[in-house]
Number of protein chains: 2
Amino acid sequence: MPDQTKPRREQIHDVASRLFSERGYHATSMRELAGALGMQGGSLYAHISGKEDLLIEIVNGASRQFDEALFSLRGVDLPADQKLRKAMRRHIRVVADNMDSATVFFHEWKHLSPEAYTRVTGWRDSIDHFYRELVTQGIEQGTFRADLDVRMTSNLILSAVNWTYTWYRTGGPLTPDDIADQFADMLLRGFSETSAAGSGMTGAGAGS
Amino acid sequence: MPDQTKPRREQIHDVASRLFSERGYHATSMRELAGALGMQGGSLYAHISGKEDLLIEIVNGASRQFDEALFSLRGVDLPADQKLRKAMRRHIRVVADNMDSATVFFHEWKHLSPEAYTRVTGWRDSIDHFYRELVTQGIEQGTFRADLDVRMTSNLILSAVNWTYTWYRTGGPLTPDDIADQFADMLLRGFSETSAAGSGMTGAGAGS
DNA sequence: CCTACCGATCGGTAGG
DNA sequence: CCTACCGATCGGTAGG
């Protein structure tokens, strides 16, 4: 079942992501994981040091992906609406391209040990902060309505991009960018000061 | 710790909701649950028939709450924007007033046995259907823009109302109705055909 | 990577 | 509602 060409550690990581996302961390036994990889329970420990290490790696990996996707946008000098669209594209792409680990990220992070838990909480906070900052900039630039509540606006954005992990299906009719653009179109119309609506390159636009 | 005035079964149900939401269904042992209720592990089975029955009750209870909140709105003859605002208020109120069981509803339903699983899936589908129908009506009435994609629009609404389970805190500065109204204001501006925006009784408006 | 095993803990039951 | 117990399964280790 797992991709034979990858290094064994990566295979374990991938299969664990799938099982943890489907059945949950605690409901997945190391013997099930081993079985899905065609080996015996005890053999796993030649490659990994423990069950929680697997969880930490998966959650950290997802955190890193969100981090890389968003934070390079921080310094970019673009109107807030265009920047938001780019951020939403990247954010949804991370979720869609990593459905298993994204699901584990959203559901299983409570089961981490205190240190790992704190680190993940910090990461989530900084993602929140990124969107709040973006909204603030948009208001200051006059791109977004001045009466927007920054926290609620970023909450609404985060709802849209994060909730995709529950309904996106790989191979469906919509690409992650399609989804991001449709959400951005609807949201930006509600955010914009002018009623001109949906500024900022809909559809086709460049990558990234 | 549990409310002494309630019947024992209800106490068990409440504490189980809290523990399942905090630690997850499989990570909560029956002995922990019993301990939190001040009794021994085996004593639980004088009141309940098994661990999964608890989960089923919690998830069914949450499903029923969503059901009751939304479906009475189905026949109501109101402009779609006002109806949407009402639905979002009720939906978020169910989440906010039942944070524990709502969290269990969103996270632990995969662990149900096939029959219970199928029933819950059906409930979720009918909630989806409610919002899609509402959006369709809004377009037909001319209240919403004709170029809205029904499925993506209802997805966006559901994202906003469901995701509240991750960040709402009881006793915070915002009431569930405040949250619903702010989300509705932003969304409805993006949905409306006219650029007049935010129709449909903002703020104060009647209950329900 | 396997076999064989460890102590611990699980959900649940019997009998009172 | 408690005590005492059941078989099953858990994560992990030793030795090869």
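Below, all heavy atoms of this structure are taken into account, side chains as well, without hydrogens, waters or symmetry copies. Letters A, B, ... mirror the listed sequences (proteins, then strands); counts begin at 1. Keep in mind it's a predicted model, so treat the numbers as computed, not measured.
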Can you name the atoms? Protein N/O to nucleotides 12-16 of chain C N/O, anything below 3.5 Å, with the distance.
{"residue": "C:dG12", "atom": "OP2", "partner": "B:Tyr45", "partner atom": "OH", "Å": "2.7"}
{"residue": "C:dG12", "atom": "OP2", "partner": "B:Lys51", "partner atom": "N", "Å": "2.8"}
{"residue": "C:dG12", "atom": "O6", "partner": "B:Arg31", "partner atom": "NH2", "Å": "3.0"}

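- Across the strands present, D:dC1 finds its partner in C:dG16; the criterion is a Watson-Crick or G-U wobble pair with both atom distances under 3.5 angstrom.
- Side chains of A:His13 and A:Ile48 form no contact here, defined as non-hydrogen atoms less than 4.5 Å apart.
- In this structure, B:Phe66 and B:Phe106 have tilted ring planes: the angle between them lies in the 30° to 60° band.
- Between the P atom of D:dG11 and the CG atom of A:Leu54 lies a distance of 11 Å, rounded to the nearest Å.
- For residues 171-192 of chain A, the pairs satisfying ring-ring contact (aromatic ring centres under 6.0 Å, His included) are A:Phe144-A:Phe191, with sequence neighbours left out.
- B:Leu19 places its CG atom 12 Å from the P atom of C:dG11, with the value rounded to the nearest Å.
- Comment: B:Asp147 engages B:Arg145 in a salt bridge, judged by a side-chain N to carboxylate O separation of less than 4.0 angstrom.
- A salt bridge is absent between A:Arg90 and A:Glu68; no separation between the charged side-chain nitrogens and carboxylate oxygens falls under 4.0 Å.
- At whole-Å resolution of the value, CG in A:Leu44 and P in C:dC1 are 9 Å apart.
- Counting to the nearest Å, the P atom of D:dC5 and the CD atom of B:Gln40 are 15 Å from each other.
- Remark: D:dT9 base-pairs with C:dA8. Criterion, Watson-Crick or G-U wobble with two distances under 3.5 Å.
- Within a 6.0 Å sphere centred on OH of B:Tyr168, other residues, nucleotides and ligands contribute more than 12 heavy atoms.
- Taking atom CG of residue B:Leu33 and atom C1' of nucleotide D:dC1, one finds them 15 Å apart after rounding to whole Å.
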